[in-house]
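Notes follow the structure.
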Amino acid sequence: MSCFKLTPYKFNENIYLYPEKILPATNYDDYYVNLMEKSLPISMKKNKSVTRRSLPKIDAMLDWGVVNEGDIIVAKDRGNEGVLQANGNVLVNDEEVSM
């Protein structure tokens with residue numbers, strides 16, 4: 001199924017229609033966000049296989065409001081905590097470090 005916008009134009013005594021395709025969009029980049037991106041297999045020691053997803057960068061999550069300056073960030077499998085800064089860095093033990 002498609003949706004078209006028809007614009008009429010009069011030239012001399014003739015009427016012409018200009019069709020413009022609206023849906024489905026020809027360029028999905030502005031409208032589509034892939035939330036279910038396929039996971040990439042990563043091989044580790046002991047021949048175990050885990051998957052890793054491509055997640056958005058912290059700067060994008062700050063812009064979107066998913067995380068905010070002052071949020072507590074906990075490093076996975078490390079137990080370290082840090083405070084998220086407005087520039088995307090984390091304050092850990094009074095030292096500003098990048099993620």
Side-chain angles (χ1 to χ4, degrees):
M1 184 181 298
S2 297
C3 178
F4 288 87
K5 174 183 173 184
L6 299 175
T7 307
Y9 291 98
K10 186 173 184 179
F11 182 71
N12 294 332
E13 294 301 317
N14 297 319
I15 296 177
Y16 297 95
L17 291 176
Y18 175 73
E20 184 179 354
K21 186 176 182 180
I22 297 186
L23 293 174
T26 55
N27 184 0
Y28 292 103
D29 294 340
D30 294 335
Y31 306 100
Y32 181 72
V33 176
N34 187 2
L35 298 176
M36 301 300 290
E37 195 171 285
K38 291 185 178 182
S39 298
L40 301 172
I42 305 271
S43 61
M44 297 185 62
K45 295 177 183 176
K46 300 180 185 176
N47 295 330
K48 290 186 179 180
S49 179
V50 297
T51 58
R52 171 178 273 172
R53 291 186 183 171
S54 296
L55 298 174
K57 301 285 185 193
I58 196 73
D59 296 337
M61 292 193 298
L62 279 164
D63 289 341
W64 300 338
V66 175
V67 294
N68 297 304
E69 178 183 2
D71 286 353
I72 303 296
I73 304 293
V74 179
K76 185 178 179 181
D77 298 329
R78 294 187 187 196
N80 295 349
E81 287 187 358
V83 179
L84 183 61
Q85 304 295 299
N87 61 3
N89 290 340
V90 180
L91 190 62
V92 180
N93 299 327
D94 296 324
E95 181 182 348
E96 188 171 322
V97 296
S98 68
M99 302 249 321

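Closest approach of Ile15 to Pro8, counting heavy atoms only: CG2-CB, 4.4 Å.
Annotation: side chain of Leu62 is in contact with side chain of Val67 (closest heavy-atom distance under 4.5 Å). Between Ile73 and Val83 the shortest side-chain heavy-atom distance does not fall below 4.5 Å.
In this structure Asn87 satisfies the side chain to side chain contact (heavy atoms under 4.5 Å, CB included) test together with Gln85, Asn89, Glu96, sequence neighbours excluded.
Tyr9 belongs to a hydrophobic cluster whose other members, connected by ILVMFWY side-chain contacts under 4.5 Å either directly or through intermediates, are Tyr18. Counting side-chain heavy-atom gaps under 4.5 Å among Ile, Leu, Val, Met, Phe, Trp and Tyr, the cluster of Phe11 also holds Tyr16.
To the nearest 0.5 angstrom, Glu81 atom CD is 10.5 Å from Asn93 atom CG.
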